[in-house]
Amino acid sequence: MSEKPIRAATQALGFEGSNRLRERAHDLIPGGCHTYAKGDDQFPEQAPAFIVRGKGCHVWDPDGNEFIEYGMGLRAVTLGHAFEPVDDAAIRAMRLGNNFTRPSLIESELAELLVDLIPCAEQVKFAKDGSTVMTAAAKLARAYTGRPFVAFCADHPFFSINDWFIGNTEMAAGIPPEATQLTATFRYNDIASVEALFDRHPGRIACLIMEAERTTPPKDGFLLKVQELCRKNGALFVLDEMITGFRWHLKGAQYIHGLDPDLAGFGKALANGFSVSALAGKREIMELGGLRTKKEKVFLLSTTHGAESCALAAAIASVNAYKDLGVVDVLYRQGQRLANGIGKIVASLGLTGHFALEGPPCALIYATRDQEKRPSQAFRTLFMQEIIRRGILGPSFVDSYSHSDDDIDRTIDAVGEALVIYKQALEHGVEKFLQGRPVKPAIRRYNDQVFD
Ligand SMILES: Cc1ncc(COP(=O)(O)O)c(C=O)c1O
């Protein structure tokens with residue numbers, strides 16, 4: 001495969017290889033891939049359809065086009081692609097055997113590392129993905145409290161692929177309505193909605209599940225008040241740290257906000273893209289899944305592949321790298337450099353209110369708005385199309401330890417050029433600039449356009 005360097009803005013990218021391979025992927029795999037967020041409907045038509053390899057924050061597509069990548073494997077790859085200390089640790093573990101008939105010692109090794117690090121963790125249990133541990137948290141909470149209802153924050157978009165959560169979304173086909181009869185919601189930064197929830201279901205709420213923060217910071221001590229209301233009403237306080245864990249702070253958002261959740265779920269950045277997730281929490285609750293309880297046993301995260309040695313070794317090496325290299329500081333610093341650069345461009349082009357970065361520097365996303373400043377998928381698609389054309393693959397601006405000053409500065413230059421086009425599209429109509437259909441929300445009821 002010949003590799004072409006990141007292009008000058010005016011050069012057209014070729015996606016012939018991508019387009020050819022796309023057909024085959026859709027013939028073989030529903031949606032052509034294994035995560036909706038990576039799907040064709042999430043990207044412009046003029047985009048790489050596949051990644052062939054990555055190194056650091058650079059990736060190459062089947063046509064040999066090189067991109068600086070953001071988003072990093074749905075926020076899993078915090079250190080960078082093919083990060084050698086992590087890969088070497090995984091390979092060493094693999095060579096010792098990957099799965100035995102008794103537990104491997106590496107399970108306790110990673111557990112100890114996490115118990116020492118994460119404030120709420122007295123015990124941890126591993127799985128391969130975040131959805132599974134969040135579902136386990138809901139089950140444990142129901143078993144521990146003997147209560148039926150699970151409440152989650154309606155302003156947070158995703159907790160699990162499982163029925164208790166997906167049944168509440170637009171994409172609920174195949175899930176009987178009964179599956180969601182025991183879920184309820186509350187709103188972020190709206191403590192009255194949490195009080196109302198407990199009033200509506202007195203003595204019936206097993207737990208509240210939420211992220212500590214997304215793009216809006218907590219106001220008026222909201223998080224501590226939620227924790228307090230949970231304690232007062234006998235419900236468990238469960239934090240989803242899938243995004244915040246190891247990215248916002250090494251010890252998670254619970255540490256930043258001084259929280260003491262009963263249970264917390266980690267995944268994504270835990271192993272730099274290797275598949276490991278963890279449910280962490282109080283011994284008294286977690287032990288319901290163990291052998292040291294006289295209470296009724298909970299079937300807690302018992303899976304064939306849950307403790308795959310190479311993935312656990314990758315997690316240990318990742319967490320050690322986060323500690324030794326000051327990774328989280330770098331994520332903030334480079335994100336801030338990007339935010340400063342893009343902020344200046346937005347102001348100088350008069351695009352305030354039309355294009356904005358949101359979230360903390362370690363986890364930047366962007367908002368695209370049309371002429372009336374309404375959220376616009378068409379403008380999102382145009383922006384992505386124009387940065388892709390300039391060698392930046394960015395459904396968000398979530399960075400990694402591998403994003404160098406040069407990568408960030410090249411991104412700022414590309415964004416500057418893309419926003420000039422964006423501005424012209426605001427003036428003359430986005431359809432004049434967009435090549436192909438706009439992107440769609442990943443979770444929706446119908447494929448209003450069939451991709452074939
Ligand atoms: C906040 C949050 N929780 C849970 C999950 C589910 O994790 P997984 O995709 O590993 O099942 C995600 C996935 O995007 C997430 O963003």
Side-chain angles (χ1 to χ4, degrees), residues 31 33-39 42 70-78 118 124-141 150-171 183 185-186 188 207-216 218 223 237-249 252-254 256-257 259 261 263-281 301 303 305-308 311-312 314-315 318 358-360 362-365 395-398 441-444:
C33 63
H34 289 83
T35 320
Y36 284 119
K38 294 185 185 181
Q42 301 305 296
Y70 291 87
M72 306 303 294
L74 311 173
R75 297 175 169 85
V77 181
T78 307
I118 297 164
V124 294
K125 189 129 195 211
F126 303 122
K128 301 308 281 177
D129 61 76
S131 297
T132 304
V133 294
M134 294 318 295
T135 298
K139 180 161 60 171
L140 254 189
V150 168
F152 61 85
C153 181
D155 296 301
H156 294 166
F158 202 81
F159 294 107
S160 178
I161 61 167
N162 295 129
D163 291 359
W164 65 271
F165 178 72
I166 293 295
N168 294 286
T169 72
E170 283 272 298
M171 218 164 145
T183 51
T185 58
F186 58 95
Y188 193 72
C207 64
L208 264 64
I209 300 181
M210 64 186 304
E211 294 180 81
E213 191 177 343
R214 287 186 67 85
T215 50
T216 316
L223 295 170
F237 178 47
V238 180
L239 273 191
D240 180 332
E241 295 249 34
M242 229 54 69
I243 291 177
T244 50
F246 308 101
R247 177 170 282 282
W248 294 41
H249 194 285
Q254 57 191 269
I256 300 177
H257 295 293
L259 300 170
L263 297 170
F266 291 81
K268 294 206 187 258
L270 178 49
N272 198 45
F274 282 83
S275 177
V276 188
S277 60
L279 181 66
L301 296 173
T303 61
H305 297 293
E308 187 189 24
L312 299 193
S318 300
E358 296 180 348
C362 66
L364 290 169
I365 58 171
S396 68
F397 282 123
V398 171
I443 298 184
R444 62 186 196 278

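Just follow the structure's listing: the first ligand is 1, and inside any ligand the first atom is 1.
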Subject >> Close aromatic pair by centroid cut-off 6.0 Å: F152 and F186 >> reply: no
Subject >> Partner residues of N168 under the side chain to side chain donor-acceptor pair (under 3.5 Å) criterion, sequence neighbours left out >> reply: T183
**OP:** Determine yes or no for a side-chain-to-main-chain donor-acceptor pair under 3.5 angstrom, with D240 supplying the side chain and M242 the backbone.
**Re:** yes
Original post:
Can you find a side-chain donor-acceptor pair between N272 and S318 that sits under 3.5 Å?
Top reply: no
Subject >> Pair listing, salt bridge (Lys or Arg N to Asp or Glu O under 4.0 Å) test, anchored in residues 157-169, at least two apart >> reply: none
**OP:** Would you please name every residue forming a side chain to side chain donor-acceptor pair (under 3.5 Å) with H249, sequence neighbours left out?
**Re:** none
Report each N/O pair between ligand 1 and the protein that falls under 3.5 Å, naming both atoms.
| from | atom 1 | to | atom 2 | distance (Å) |
| --- | --- | --- | --- | --- |
| ligand 1 | 3 (N) | F158 | O | 3.3 |
| ligand 1 | 3 (N) | D240 | OD1 | 3.3 |
| ligand 1 | 3 (N) | D240 | OD2 | 2.6 |
| ligand 1 | 10 (O) | G130 | N | 2.8 |
| ligand 1 | 11 (O) | G130 | N | 3.3 |
| ligand 1 | 11 (O) | S131 | N | 2.8 |
| ligand 1 | 11 (O) | S131 | OG | 2.6 |
| ligand 1 | 14 (O) | K268 | NZ | 2.9 |

